[in-house]
Amino acid sequence: MTHQSSPPFLIPPNAPFTPEQRAWLSGFFAGFAAPDDSSITPLTPEANAAVMAGADNDDGEAPWHDQTLALESRMQLAQGRPLRRRLMAAMAQQDCGQCGYICETYAEALATRKEARLNLCAPGGKDTARMLKALAAELDQPSPAPAIVAQVEPTNVAAPGCSRDNPARATFASRRRLNKDGSEKDTWHIEFDLGATELSYKVGDSFGVFPKNDLGLVDQIIAMLGASHVTPVRDKTLRDALLSDVSLSPAPDALFELISFITGGAQREKARLLAQGKDPDGDAATLDVLSVLQKFPGARPHPEAFVEALEPLQPRLYSISSSPKATPGRLSLTVDAVRYVVGKRKRLGVASTSLAERIAPGDSLPVYVQSAHGFALPDDPTTPIIMIGPGTGVAPFRAFLQERAATCAPGRNWLFFGHQRSACDFFYADEFETMKATGLLTRLSLAWSRDGAEKFYVQDRMRQSGRELWAWLAEGAHFYVCGDAQRMAKDVERALVDVVAEFGARNADEAVAFVAQLKKSGRYQQDVY
């Protein structure tokens with residue numbers, strides 16, 4: 001039988017295909033044409049992979065890369081994008097470095113199977129871990145062609161203290177309480193001596209601290225397990241493993257899964273639901289490891305299986321509140337000690353209370369410097385800066401001001417600071433008043449939420465100072481925000497949009513676009529968490 005050649009397949013010129021899709025389709029249907037048909041331009045392997053993997057749906061932008069967006073909103077923005085981009089959207093968007101990567105490179109490492117751990121995003125918590133687990137299931141599904149991904153840069157472990165994977169040991173030097181009597185807060189100025197290390201840092205960087213769990217909590221858990229504290233686990237004692245290796249809050253899904261295997265009836269079903277992210281009793285958000293053992297008192301998991309079900313204890317990152325030029329060989333942090341009560345039991349922030357009360361001067365602990373990503377002083381020292389730092393958010397701006405003083409930078413400096421009460425919550429008041437008196441701090445705008453009949457915040461002070469704020473921006477000022485991502489940072493951005501609209505003579509859309517352009521150009525920088 002003689003083969004009859006077919007005419008080449010013609011793609012209508014108005015068909016909604018990209019050039020790569022058009023080329024791939026033409027190449028595919030060319031297989032049905034006569035062998036001597038040379039009218040089809042062959043598609044490169046890279047272009048073919050791009051089409052088959054859906055990479056043409058990725059325009060290179062990452063609109064979800066915003067710390068103030070909720071996970072659900074980020075995933076909606078990433079819908080239809082390649083897996084590596086959806087993995088990125090599931091991260092906390094803080095580029096904090098706690099995972100050993102930044103959000104984009106962590107996603108790339110997962111997508112290329114260079115990283116198997118799905119629980120490294122500490123700021124994202126359980127929600128991020130669950131989403132990553134669901135997305136990672138796609139990695140096991142067959143794909144017509146490999147996705148094109150960016151090269152993942154290896155974590156720098158060349159010198160101790162460069163990353164979480166190779167920490168240095170620094171000496172705890174001192175602490176002093178920043179609140180005065182009458183405050184509802186417990187905030188501390190913490191100092192480390194770096195003299196015995198080769199650590200270096202820049203203003204804007206963060207400091208990673210590897211904490212230990214509270215010994216009292218550890219011993220309560222051991223008692224609930226009915227085990228001995230010297231039971232061998234991971235080539236160490238159970239007590240040592242619980243002190244240093246694993247997180248004791250919040251309770252991970254794997255712990256609920258373990259309990260579902262060793263219980264029965266209603267208890268087993270309840271544990272299964274909790275492992276799936278459900279909330280059968282309305283208390284899922286408050287369950288830490290000890291409270292899970294109390295909730296399922298009949299469950300006595302084997303210590304080794306119990307430890308394996310827990311998440312690794314992650315380092316905690318704090319914004320550095322000093323300049324190496326002002327205090328060489330020393331590094332300081334500004335830390336809120338986290339304490340709260342659930343039911344009748346006091347809960348403790350593992351790192352913050354360790355720094356505030358458990359570590360003694362002269363003790364050393366593993367630490368590292370996390371370089372900032374897009375949070376730094378302007379290259380031009382004459383550029384004015386506006387800093388919004390309520391509460392412990394003032395930390396990097398104390399460092400900025402020390403740096404500007406040490407380098408004799410002529411640029412103007414404007415700090416917005418706020419807290420609850422002026423009489424007892426004005427951190428570094430003497431320092432800032434001295435900076436103001438010497439002219440280093442051009443303006444100091446304060447907001448106290450509990451001093452008056454109505455609450456008053458830094459964003460309210462911004463609106464009050466809107467005309468001057470706009471004038472600084474119009475002159476090229478850089479704008480910085482540090483602190484809470486979910487509420488404060490959003491409120492500050494709304495206030496800035498309002499200021500731009502009112503005093504910059506722009507409508508609402510133009511004001512939003514102006515602020516977006518500040519971010520894109522690097523003039524609006526955030527260190528939020």
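Here, residue 1 is the first one in the sequence, and each next residue gets the next number.
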Presence of salt bridge, [Y] and [X], under 4.0 angstrom:
X	Y	result
R421	E184	yes
D336	K185	no
D253	K133	no
R234	E308	yes

query: What about the rings of Y480 and F400, do their centers lie closer together than 6.0 Å?
result: yes

- prompt: Centres of the H189 and F427 rings: under 6.0 Å?
  reply: no

Flag for [Y]-[X]: side-chain donor and acceptor within less than 3.5 Å:
X	Y	answer
S183	R177	no
E403	S323	yes
S332	S321	yes
S163	N166	no
D283	T286	no
D205	S371	no

Is the shortest heavy-atom distance from the side chain of [X] to the side chain of [Y] under 4.5 Å?
X	Y	value
P378	I385	yes
H229	L238	no
D193	S174	no
Y428	L178	yes
L87	Y106	no
R398	L401	no
Y529	T392	yes
L355	R175	no

message: Go through it in stages, so that I can follow the logic: the residues are E191 and R176, the test is salt bridge (Lys or Arg N to Asp or Glu O under 4.0 Å), and I'd like the CA-CA distance, side-chain angles, deciding distance and then a yes or no.
response: CA-CA 9 Å; E191 295 218 349; R176 63 181 171 89; 6.0 Å; no

Inter-residue atom distance [X].[atom1] - [Y].[atom2], 0.5 Å rounding:
X	Y	atom1	atom2	value
L225	L290	CG	CG	9.5 Å
R239	L215	CZ	CG	5.0 Å
S249	R347	OG	CZ	6.5 Å
F456	D451	CZ	CG	11.5 Å
Q420	S449	CD	OG	5.0 Å
M131	L118	CE	CG	13.0 Å

Would the distance check show the side chain of [X] and the main-chain N or O of [Y] forming a donor-acceptor pair, the cut-off being under 3.5 Å?
X	Y	answer
S465	E468	no
D363	F172	no
N213	V246	yes
D527	G204	no
R358	V350	yes
Q93	M91	yes
T442	N413	yes
Q314	N119	yes
S352	V338	yes
R316	V209	no

message: Tell me whether R461 forms a cation-pi arrangement with F416, defined as NZ or CZ under 6.0 Å from the six-membered ring centre and within 45 degrees of its axis.
response: no

- request: Step by step, work out the side-chain contact (heavy atoms from CB on, under 4.5 Å) result for D95 and C103.
  value: CA-CA 5 Å; D95 282 346; C103 297; 3.5 Å; yes

Within a 6.0 Å radius of atom [atom1] on [X], are there more than 12 heavy atoms belonging to other residues, nucleotides or ligands?
X	atom1	result
D181	CG	no
E72	CD	no
K236	NZ	yes
K325	NZ	no
K490	NZ	yes

message: I'd like to know whether E475 forms a salt bridge (Lys or Arg N to Asp or Glu O under 4.0 Å) with R412, so could you lay out the CA-CA distance, the side-chain angles of the two residues, the decisive distance to 0.1 Å, and finally the verdict.
response: CA-CA 11 Å; E475 293 170 13; R412 294 178 296 158; 2.4 Å; yes

task: Output, in order, the C-alpha distance, side-chain angles, deciding distance and verdict of salt bridge (Lys or Arg N to Asp or Glu O under 4.0 Å) for D288 and R345.
output: CA-CA 11 Å; D288 66 355; R345 198 179 116 227; 2.4 Å; yes

- request: Run through Y201, Y368, F192, Y318 and flag the one making a ring-ring contact (aromatic ring centres under 6.0 Å, His included) with F207.
  value: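 Going through the options one by one, the only one that passes is F192.
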
message: Would H373 and E104 count as a side-chain contact (heavy atoms from CB on, under 4.5 Å) here? Give the steps.
response: CA-CA 12 Å; H373 300 280; E104 185 170 16; over 6 Å; no

message: If you apply the rule salt bridge (Lys or Arg N to Asp or Glu O under 4.0 Å), what do you find for R450 with D425, and how did you get there?
response: CA-CA 10 Å; R450 304 295 192 275; D425 296 318; over 6 Å; no

query: Going through the checks in order, is the side-chain contact (heavy atoms from CB on, under 4.5 Å) test met by Q464 and D460?
result: CA-CA 6 Å; Q464 276 192 357; D460 301 312; over 6 Å; no

Least distance between heavy atoms, [X] atom then [Y] atom:
X	Y	answer
S319	S206	CA-OG, 4.2 Å
L440	A405	CD2-CB, 3.6 Å
T353	A337	CG2-CB, 4.5 Å

field: Candidate list Q525, M488, M387, test side-chain contact (heavy atoms from CB on, under 4.5 Å), partner V481, passing option
entry: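 Only match with V481 under side-chain contact (heavy atoms from CB on, under 4.5 Å): M488.
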
task: Assign the ring pair F417 / W448 to parallel, tilted or perpendicular, where the plane angle (0 to 90°) is split at 30° and 60°.
output: perpendicular

field: Trace of the side-chain contact (heavy atoms from CB on, under 4.5 Å) decision for Q220 with L248
entry: CA-CA 12 Å; Q220 287 183 73; L248 303 181; over 6 Å; no

